[in-house]
Protein chains: 2
Amino acid sequence: MTIGQLAQELNIKTQTIRYYENQGLLSKPERTQSNYRIYDQNSIKRLTFIKRAKEIGFSLGDIKTLLEMSDKKVNRCADVKDFAETRLIKIRSRIEDLKSMEMTLSDIIKQCSQPNKTAECPIIESLTEG
Amino acid sequence: MTIGQLAQELNIKTQTIRYYENQGLLSKPERTQSNYRIYDQNSIKRLTFIKRAKEIGFSLGDIKTLLEMSDKKVNRCADVKDFAETRLIKIRSRIEDLKSMEMTLSDIIKQCSQPNKTAECPIIESLTEG
DNA sequence: TGCAACCTTATAGTTAACTATAAGGTAGTA
DNA sequence: TACTACCTTATAGTTAACTATAAGGTTGCA
Ligand SMILES: [Zn+2]
Ligand SMILES: [Zn+2]
Ligand SMILES: [Zn+2]
Ligand SMILES: [Zn+2]
């Protein structure tokens with residue numbers, strides 16, 4: 001399987017696969033005598049791992065660590081769990097930030113719903129006032 | 001008021017203020033005869049506007065538009081509201097994405113809480129399996 | 001006068017995760 | 001033998017919002 005076929009299979013760009021290889025997420029693949037990369041089912045598995053981990057919000061750096069833990073295959077459950085919990089905390093904190101933004105924003109939008117014709121726009125006001 | 005004093009007042013870097021000026025968020029300020037920028041209370045107001053808008057999740061591009069709407073001072077309430085609503089929708093959508101990540105992640109973490117000693121780590125499993 | 005702490009400009013680097021380009025080699029088909 | 005679609009490498013560009021650096025001018029104070 002060439003890089004192009006692998007890319008199509010997973011709906012990603014060939015450059016992205018090479019980029020992952022450079023970043024150490026994928027090991028150096030075998031080559032044909034004409035120096036083309038060759039991949040197999042294992043490569044699909046690994047890239048699928050990466051895609052799923054990205055969907056759960058892990059960064060490529062995180063994913064590299066996860067893959068290393070997965071590769072080690074020894075007594076890593078606690079490590080993996082700690083790692084995932086750290087990520088979960090970050091996601092929750094980001095959600096809280098966004099919720100706070102959402103509340104503020106929807107509040108001032110509501111104030112704008114019955115605008116006093118003679119006054120400033122409440123949204124602008126709330127950003128401007130002391 | 002020099003740029004350094006303004007920066008200190010608002011707890012931002014002088015470079016950031018110049019950057020905002022370059023991006024068109026701040027108008028070109030008056031200069032002393034030695035070419036130093038001079039600012040007044042109005043500059044503080046405008047930067048405070050920017051800081052608050054950032055806190056609500058607006059990008060600098062958004063904020064530029066908001067400031068322009070604010071500067072126009074005519075019949076802009078509906079425009080501002082539309083704009084804020086668009087931003088609110090984006091924030092909500094981002095929250096939903098993160099919540100979905102949170103659910104998936106906390107689910108697999110829970111599975112890892114009672115790990116079967118002989119099995120793979122459920123977190124790794126769930127990323128690996130077909 | 002000397003020196004530190006400011007100010008100016010222009011340009012380049014940072015971060016993450018790609019994405020595009022250039023310049024060229026290879027494989028299969030008409 | 002062309003042509004097309006692949007493949008290779010290295011390098012640079014993208015996005016957002018700064019942040020740092022270099023090289024030099026200005027202000028205030030001892
Ligand atoms: Zn309004
Ligand atoms: Zn586990
Ligand atoms: Zn070529
Ligand atoms: Zn100097």
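Here is the naming used below: chain letters follow the sequence lines, and residue numbers restart at 1 for every chain.
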Any donor-acceptor N/O pair, R46(B) side chain to L25(B) backbone, under 3.5 Å: yes
Pairs of donor and acceptor atoms involving the side chains of residues 93-102 of chain A, under 3.5 Å and at least two apart or interchain, shall be tabulated with distances.
residue: E102(A); atom: OE2; partner: R92(B); partner atom: NE; Å: 2.7
residue: E102(A); atom: OE2; partner: R92(B); partner atom: NH2; Å: 3.3

Shortest non-hydrogen contact from I108(A) toward I123(A): O-CG1, 3.7 Å
Along DNA chain D (nearest heavy atom to each residue), the more 5'-positioned of L60(B) and Q33(B): L60(B)
Rounded distance (Å) that lies between atom C1' of dC6(D) and atom CD of Q5(A): 10 Å
First encountered from the 5' end of DNA chain C, between Q15(A) and T32(A): Q15(A)
R87(A) side chain vs G57(A) backbone, donor-acceptor pair below 3.5 Å: yes
Atom CG of N11(B) with >12 non-hydrogen neighbours under 6.0 angstrom: no
Value in whole Å for how far the P atom of dA16(C) lies from OH of Y19(A): 8 Å
Interatomic distance where NZ belongs to K51(B) and P belongs to dC18(D) [whole Å]: 11 Å
Bending between helix ends of the helix from dT1(C)-dA30(D) to dA30(C)-dT1(D) [5 pairs per end, 10° resolution]: 30°
Residue Y36(B), side-chain heavy atoms: nucleotide from dT26(D), dA17(D), dA17(C) that is nearest: dT26(D)
Contact nearer the 5' end of DNA chain D, comparing Y20(B) with Y39(A): Y39(A)
5'-most by nearest nucleotide on DNA chain C - T14(B) or T16(A): T14(B)
Salt-bridge criterion met for E85(B) and K81(B) (N-O under 4.0 Å): yes
D40(A)/S43(A) under side chain to side chain donor-acceptor pair (under 3.5 Å): CA gap, chis, key distance, verdict: CA-CA 5 Å; D40(A) 58 11; S43(A) 317; 3.2 Å; yes
Selection from dT26(C), dC7(D), dC18(C) that lies nearest to any side-chain heavy atom of K54(A): dC18(C)
Please write out each protein N/O paired with an N/O of nucleotides 9-14 of chain C under 3.5 Å, distance rounded to 0.1 Å.
residue: dT9(C); atom: OP1; partner: R31(B); partner atom: NH2; Å: 3.0
residue: dT9(C); atom: OP2; partner: R37(B); partner atom: NH1; Å: 2.8
residue: dT9(C); atom: OP2; partner: R37(B); partner atom: NH2; Å: 2.9

Shortest non-hydrogen separation from K54(B) to I63(B) and the atoms involved: CG-CD1, 3.6 Å
Spacing between I38(B) atom CD1 and dT8(C) atom P, to the nearest angstrom: 11 Å
Whether T86(B) side chain and D82(B) backbone form a donor-acceptor pair below 3.5 Å: yes
Audit row: T65(A), D62(A), side chain to side chain donor-acceptor pair (under 3.5 Å) steps and yes/no: CA-CA 5 Å; T65(A) 308; D62(A) 288 343; 5.7 Å; no
I3(B) CD1 to dC6(C) P, straight-line distance once rounded to whole Å: 13 Å
Interatomic distance, K13(B) NZ vs dT8(C) P [rounded to whole Å]: 17 Å
Whole-Å gap separating P (dA16(D)) and CD1 (I50(B)): 17 Å
S34(B) side chain near dC7(C) phosphate (N/O to OP1/OP2, under 4.0 Å): no
Value in whole Å for how far the P atom of dA16(C) lies from CG of L25(A): 13 Å
